[in-house]
Chemist: 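Quick one: the structure is below, questions incoming.
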Amino acid sequence: MNPHPAARAEIVVDLDAVRHNVRRLREVAGVPTMTVVKADGYGHGMVEVARAAREAGAEWLGVATLDEAVALRAAGDRGRLLCWLAVPGEDFAAAIAADVDVTASSVAQLEEIAATGAAARVQLKVDTGLSRNGAPLDTWPEVVAAARAGEEVGRWRVTGIWSHFACSDEPDHPANDAQEAAFRHALDVADRAGLRPEVRHLSNSAGALLRPSSRFDLVRFGLASYGLDPAPGHTPDLDLIPAMTVRASLAMVKSIPAGAGVSYGHTWVADTATTLGLVPAGYGDGIPRHASNTAHVLVGGKRRALRGRVCMDQFVVDLDGDLPERGEDVVLFGPGTRGEPTAQDWAEAADTISYEIVTRIGGRMARRYVGR
Ligand SMILES: *Cc1c(COP(=O)(O)O)cnc(C)c1O
């Protein structure tokens with residue numbers, strides 16, 4: 001029976017699972033932990049996940065944007081909090097006033113922070129090979145010099161130096177050794193310039209789990225905090241629990257004859273008579289259209305194949321002759337303990353990563369929490 005018959009389609013987030021995962025990851029890493037809650041907590045709810053992570057002992061939280069950091073403070077978070085992505089003209093003053101550690105990747109960004117006139121806590125980001133954010137190594141000495149000069153006049157304190165891996169989900173990729181070596185070099189340059197940061201950090205989930213030498217003083221766990229595997233095929237079993245379940249109620253059940261085409265373009269045609277269930281969620285709710293004809297859901301204790309294209313508001317599954325009632329529970333994905341697919345299964349079906357599955361799901365779906 002469907003325990004929530006009124007809900008058309010919803011996301012159920014298990015905060016006990018988040019707490020369990022954060023505790024497990026802290027144990028495994030053996031160093032202080034930052035739980036990364038950007039992008040609305042990877043689709044799980046930034047504020048709720050942040051609270052659960054703090055309860056489980058996360059010393060730091062991390063977000064991408066200044067806005068996310070300020071929103072976390074407005075929601076009552078008081079612990080150490082780092083953000084790392086800003087464009088010129090953004091409001092560093094608001095984040096600094098909210099006691100957020102901000103990141104600078106260039107002298108120009110340090111100047112923007114200086115222009116606030118506020119006593120900031122600044123972390124410096126160095127690009128060790130991702131070629132994304134962070135100061136390129138050839139500019140690193142001048143960034144470090146400017147940061148030290150600002151520290152000497154009491155403008156700010158440099159609390160951290162950090163970087164980010166490109167290939168940590170491929171532990172044998174040569175870029176990992178190269179990036180760690182470049183990071184150690186960047187730390188030496190900073191040390192010689194007189195910087196004494198509280199925390200040096202390089203690793204995201206996969207780096208922290210698969211590369212102990214890269215843990216330094218702090219690790220940044222995003223995906224693994226939500227119970228998902230950051231490096232499928234490489235990560236040892238850590239007893240993490242996927243925190244997100246997505247479920248819906250069947251909107252319609254019907255029989256079709258052999259030869260009937262299903263959904264737009266008739267990309268699937270029944271070769272024998274069968275029964276279909278209509279799931280009331282589509283790409284407007286973050287269901288990937290690339291999962292058309294490939295993903296599965298759980299209905300009545302069995303995995304059922306998606307048939308035809310995922311539409312904006314709905315998709316169709318093959319009930320293989322079964323005729324459950326309208327309103328029957330459909331589990332799109334969850335921890336996998338009742339036989340339902342996982343976010344990782346959906347990622348493989350849609351040729352993407354579980355990060356994207358959980359972060360994009362939402363749209364018109366309600367979100368509810370268990371394990372508060
Ligand atoms: C998103 C992000 C993380 C977390 O990465 P996971 O792979 O989810 O653990 C860590 N650091 C930075 C800079 C990030 O942008």
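Order of listing sets the numbers, starting from 1, for every ligand and every atom in it.
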Chemist: Where on R132 is there a heavy atom closer than 4.0 Å to ligand 1, on the side chain, on the backbone, on both, or on neither?
Modeler: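 The answer is the side chain.
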Chemist: Do any nitrogen or oxygen atoms of K125 come within less than 3.5 Å of a nitrogen or oxygen of ligand 1?
Modeler: no
Chemist: Compute the shortest N/O to N/O distance between G222 and ligand 1 and return yes if it is under 3.5 Å, no if not.
Modeler: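 Yes - when backbone and side-chain N and O of G222 are compared with those of ligand 1, one distance drops under 3.5 Å.
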Chemist: Where does P230 meet ligand 1, judged by heavy-atom distances below 4.0 Å: at the side chain, the backbone, both, or neither?
Modeler: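 No part of P230 is near ligand 1 at this cut-off.
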Chemist: By side-chain hydrogen bond (donor to acceptor under 3.5 Å, both in side chains), which residues pair with Q123, not counting sequence neighbours?
Modeler: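 Q123: side-chain hydrogen bond (donor to acceptor under 3.5 Å, both in side chains) contacts with T159, H201.
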Chemist: Using the side-chain hydrogen bond (donor to acceptor under 3.5 Å, both in side chains) criterion, which residues pair with R200? Sequence neighbours excluded.
Modeler: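 Testing R200 for side-chain hydrogen bond (donor to acceptor under 3.5 Å, both in side chains), a comparison that skips the adjacent residues, returns D217.
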Chemist: Just jot down the ligand 1 atoms closer than 4.0 angstrom to any heavy atom of Y355, in number order.
Modeler: 6 (P), 7 (O), 8 (O)
Chemist: Under 3.5 Å, N or O to N or O, is L223 touching ligand 1 that way?
Modeler: yes
Chemist: Look at atom 9 (O) of ligand 1 and say which protein heavy atom is nearest, naming residue and atom and giving the distance to 0.1 Å.
Modeler: S205 OG, 2.5 Å
Chemist: Testing the basics here: between A166 and G129, what is the closest heavy-atom pair and its distance to 0.1 Å?
Modeler: CB-O, 4.4 Å
Chemist: Would you call E68-K38 a salt bridge at under 4.0 Å N-O?
Modeler: no
Chemist: Number the atoms of ligand 1 from 1 as they appear, then name those within less than 4.0 Å of a heavy atom of W162, with their elements.
Modeler: 13 (C)
Chemist: Just how far is it from atom CZ of R73 to atom CG of L61, taken to the nearest 0.5 Å?
Modeler: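 Here the rounded value is 8.0 Å.
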Chemist: Among all protein non-hydrogen atoms, which one is nearest to atom 8 (O) of ligand 1, and what is the separation to 0.1 Å?
Modeler: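 Checked against all protein heavy atoms, atom 8 (O) of ligand 1 sits closest to Y42 OH, 2.6 Å.
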Chemist: Which bit of F165 is near ligand 1, meaning a heavy atom under 4.0 Å away: side chain, backbone, both or neither?
Modeler: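 The answer is neither.
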Chemist: Determine, for R78 against D99, whether the closest basic-nitrogen to carboxylate-oxygen distance falls under 4.0 angstrom.
Modeler: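 Salt bridge: no.
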Chemist: Are side-chain heavy atoms of D322 and K302 found at a separation under 4.5 Å?
Modeler: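 Yes - at least one pair of side-chain heavy atoms lies under 4.5 Å apart.
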Chemist: One thing to verify: whether R157 and D101 come together as a salt bridge, which I'm taking to mean a side-chain N less than 4.0 angstrom from a carboxylate O.
Modeler: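 Salt bridge: no.
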Chemist: For atom 15 (O) of ligand 1, grab the closest protein heavy atom and report residue, atom and distance to one decimal in Å.
Modeler: K38 NZ, 2.6 Å
Chemist: With only distance considered, is R220 within less than 3.5 Å of ligand 1 through an N or O on each side?
Modeler: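 Yes, R220 has an N/O under 3.5 Å of an N/O on ligand 1.
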